[in-house]
There are 2 protein chains.
Amino acid sequence: MIDEPAFEDLTARARIRDAALRLFAERGMQAATIRDIAARAGVSLGLVRHHFGSKEELRDACDEYALAQGMRIKNEALSAGMMGSGIPKPGFLPEVHPTLVLLMQYFARSISDGSAAAEAMFEQFVAVTEAWVAQQFPGEFDDPKAVAVLITAMQMGPMLLHQQVSAALGVELLSRAGHIRSSKAFIDIYAQPWLSKDSAEAAKAAYDQLEKGETP
Amino acid sequence: MIDEPAFEDLTARARIRDAALRLFAERGMQAATIRDIAARAGVSLGLVRHHFGSKEELRDACDEYALAQGMRIKNEALSAGMMGSGIPKPGFLPEVHPTLVLLMQYFARSISDGSAAAEAMFEQFVAVTEAWVAQQFPGEFDDPKAVAVLITAMQMGPMLLHQQVSAALGVELLSRAGHIRSSKAFIDIYAQPWLSKDSAEAAKAAYDQLEKGETP
DNA sequence: GGACACGCTATACGGGTGTACAGTCAGCAA
DNA sequence: TTGCTGACTGTACACCCGTATAGCGTGTCC
């Protein structure tokens, strides 16, 4: 986890990287200045350059670290059975809370900037979902790739909108209370078929016709 | 729509506002400079300040305009029956495509910056979804507010991840082909109950127990 | 003990940014 | 004509940013 060992115990290089990750996530790649990063890390301006060369290289280091941390948490979640039934295992999320919030904020920034790291992270998440869909619902869908991509994007929605969702619910989404409340709602959402088989067939037929025809 | 009437026919003030909206969406609030905005609008640097006072006030004007445009499109979608059955009406999205992509990019930027406009837009979307849930599934959920908030966030996921989704699918999401392909997948997703009633009951019971007990 | 490597600091420089302001020009009322 | 208003321009300024570089202190190897 990022915030252990204690901040003061980290090497200066690690402190700079962590401070950069936090400031990039909070303010964006452009607005976060090297001077602020150095100040938060408790080092001089020159040391940042000494260790990372340039702001761009510092950003690359943060990307790499965030990607590795994200994949580590995802794997822990998988081995903890978090996604076995399609819903989080009770109690898992609150444990990783601080790191996860930070990574999601950083990830949301990267998405706005269209970084390669964001795209790589998304594609790896899609691969996991695709394998899960193929195993859980084999032969069920005409276009399993598109289903996996869209499910992944939909699952990320509440995370990316973490701030707005928390405000609308009146409770911090990744706190214990928020986690329980949202998980219960997720169960209801996942258990509910939102479209009847008849409606689905009719809608699909309409799109088939649209696909053959001209631009409306 | 933003790109009609023709760009050249707009007043200088409107041209500046449109150019700012585009550059803010493309590069972010910080990276987009007043000089670039003035250049794209075809006016001098001073005129931007003359009309809007400061960069912050220009940003506020863009927020207000984007919010109004987003609500206008949403209302058109509603009146066009786009959300009547929970799925987009064939042919609607491609029509509003250019404006919608622009607004979504701008909105994604605003979300990263945690602007008041982004929060307002999200809350208004939640209100619409909440009314729809109450009408379509009355008394179905224990926590309809949370269900509405999370559904709204999930529906926004693919839009916010528009760039990554398009890359993963190999087709521009809001093009005609991408719209048809994703809509078909959405139909499958919405028609599929992802959790059996039994599993849902078991999971809910687990969370109820977690709620009563101590921190795990 | 001398030389070297490395972590680290302090200071300076060029460039780009938001802001401020004086001034030009067209349209219009008296 | 005269005077005034408002859209619009060009330039100057103070500031902050990323980058560059010279130098300091400390441990370590031969």
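What you see is a predicted model; the values in this text were computed from it and never measured. Every chain is numbered from 1 and lettered A, B, ... according to where its sequence line falls, protein lines coming before strand lines.
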Can you tell me the distance, in whole Å, between the [atom1] atom of [X] and the [atom2] atom of [N]?
X       : N      : atom1 : atom2 : result
A:Leu45 : C:dC13 : CG    : P     : 16 Å
A:Asp36 : D:dC17 : CG    : P     : 7 Å
A:Gln30 : D:dC16 : CD    : P     : 16 Å
A:Leu23 : D:dC17 : CG    : P     : 12 Å
A:Phe52 : C:dG7  : CZ    : P     : 12 Å
B:Glu57 : C:dT19 : CD    : C1'   : 12 Å
A:Leu58 : D:dG18 : CG    : P     : 10 Å

Upstream residue (5' side of DNA chain C) when A:Val48 and B:Met29 are each assigned their closest nucleotide: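 Upstream on the strand: A:Val48.
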Side-chain donor/acceptor of B:Ser110 to backbone N/O of B:Ala118, under 3.5 Å: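 No, the answer is negative, given that no donor and acceptor are paired below the 3.5 Å cut-off.
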Side-chain H-bond candidate by donor/acceptor type, A:Gln105 with A:His162, under 3.5 Å: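 There is no such pair (donor and acceptor under 3.5 Å, judged by atom type) between the side chains of A:Gln105 and A:His162.
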Phosphate-side-chain proximity, B:His50 and D:dA7, N/O vs OP1/OP2 below 4.0 Å: yes
Could you check which of [options] has an atom nearest any side-chain atom of [X]?
X       : options               : answer
A:Lys55 : C:dC8, D:dG18, D:dT9  : D:dG18
B:Ile34 : D:dG18, C:dT19, C:dG7 : C:dT19
A:Thr33 : D:dA7, D:dA20, D:dG18 : D:dG18
B:Arg49 : D:dT19, D:dT9, C:dA20 : C:dA20

Sugar-phosphate, base or nothing in reach of B:Arg35, heavy atoms under 4.0 Å: base
Touch class at under 4.0 angstrom, heavy-atom based, for B:Ala38 against every strand present: nothing
Closest-nucleotide ordering on DNA chain D, the 5'-leading residue of B:Leu47 and A:Ala31: B:Leu47
Atom CD of B:Glu123 with >12 non-hydrogen neighbours under 6.0 angstrom: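 It does: B:Glu123 CD has more than 12 such atoms within range.
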Side chains of A:Phe186 and B:Met154 in contact at under 4.5 Å (non-hydrogen atoms): yes
Side chain to side chain, B:Gln192 and A:Phe141, heavy atoms closer than 4.5 Å: yes
